[in-house]
A.B. asks: 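Following this message is one structure expressed as structure tokens.
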Amino acid sequence: MVSITADILISGGLLVSGTSITKMDVVVTGEKITDLLPHPSNIDAKRIIDAKGLYVLPGLIDAHNHPINLDKMDSFTLSAAFGGITTVIPFMQNMRSRGIDGTTSETIDRFIEESNEISYLDFGVHAILFGDDDVEIEVPKLIENGIISFKMYMTYPRRGMMMPDDRMLKAMSLASEAGGIAMVHAENGYCIDFLTDNFIDEGLTSREYYAKSQPRILEVEAANRAATYASVTDCPLYVVHLSAREVLDVLRGYREEGNYVFTETCPQYLDLTNETLMEHGALAKIGPPLRERADNAAMWEGLQNNIIDTIASDFCGFSKAHKYAGG
Ligand SMILES: [Zn+2]
């Protein structure tokens, strides 16, 4: 018996590090991991957690989520903690469409104040800038306040969410100057509305037309356009929730030219296909839409080849009634 007495010994689990998965014992003293030892370590501890048959991971960061509908930071972070998440980075935006006054930076100030009271986990914040945000005021102000990342939508023009291209360029150039990073939801919103209108006019409104109204080419085009703008403005870019396999090669090209382009996908794009939507209808409607098995495979390959940097949940809690109301 080794003579160290630790507070906690996590014993016999499969320890997932950045480079390997090995059977190790984790020794915790106070609030710190003080040793990683081959199992069995025979360390004496006040509390021993038998992790045999389990994975032991460092605290996970969920870098993309929206606790603004049914959830606030209390219920959201509690459920995230049960999934092994220790830090979350929600997106916050101006709430004018919900009748709440204030700019995006003011909304974020309120969000931080409230979350400091109710969050169970550590958190950061990303901003979202909508078409009605004044980017020339908001971008420098957000970055000065420590909110260095902000997302812009290239779709949803009719919901007032889309950032026009000229404003996006301006926002990127301001971010570039101030040390920020732009994020985009890459889909061509005008084309989606055009195709959707056509299907509606023809009476083609059943679930099989959802994915057809937002085909993969619209994600490829928008990602390419955003990366072009980021390159022109010399702004780092993070493209959220990639779903279409062709996008990976497009963004890899920009990286190879020396641009700072970061990429994200989500569990739903790694595991689900349009078949799920055909089965469950409105409950499986997400944007970008669920695609094909070959896209799932490409996302896994992208992770293996380091073309994809992040897996994030894009959690956005709605009730069934909300989802069905969307049709
Ligand atoms: Zn999102």
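Just so we're clear, the structure is a prediction, and the values are computed from it rather than from any experiment. Counting starts at 1 for both ligands and their atoms, following the listed order. Values below: every heavy atom of this structure, side chains too, minus hydrogens, waters and symmetry copies.
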A.B. asks: For Asp74 and Tyr120, does a side-chain donor sit closer than 3.5 Å to a side-chain acceptor?
C.D. replies: no
A.B. asks: Is the Zn ion (ligand 1) under 2.8 Å from any N, O or S atom of His64?
C.D. replies: yes
A.B. asks: If you link I, L, V, M, F, W and Y whenever their side-chain heavy atoms are under 4.5 Å apart, who else ends up in the same group as Leu36?
C.D. replies: Ile8, Ile10, Leu15, Met24, Val26, Val28, Ile33, Ile49, Val56
A.B. asks: Assess, by modelled atom type and distance only, whether the side chains of Asn224 and Tyr254 contain a donor and an acceptor separated by less than 3.5 Å.
C.D. replies: yes
A.B. asks: Taking both backbone and side-chain atoms into account, decide whether His241 has an N/O/S atom under 2.8 Å from the Zn ion (ligand 1).
C.D. replies: no
A.B. asks: Checking Arg159 against Tyr156: charged group under 6.0 Å from the ring centre and within 45 degrees of the axis?
C.D. replies: yes
A.B. asks: Looking from the Zn ion (ligand 1), what is the angle between NE2 on His66 and OD1 on Asp314, to the nearest 10°?
C.D. replies: 90°
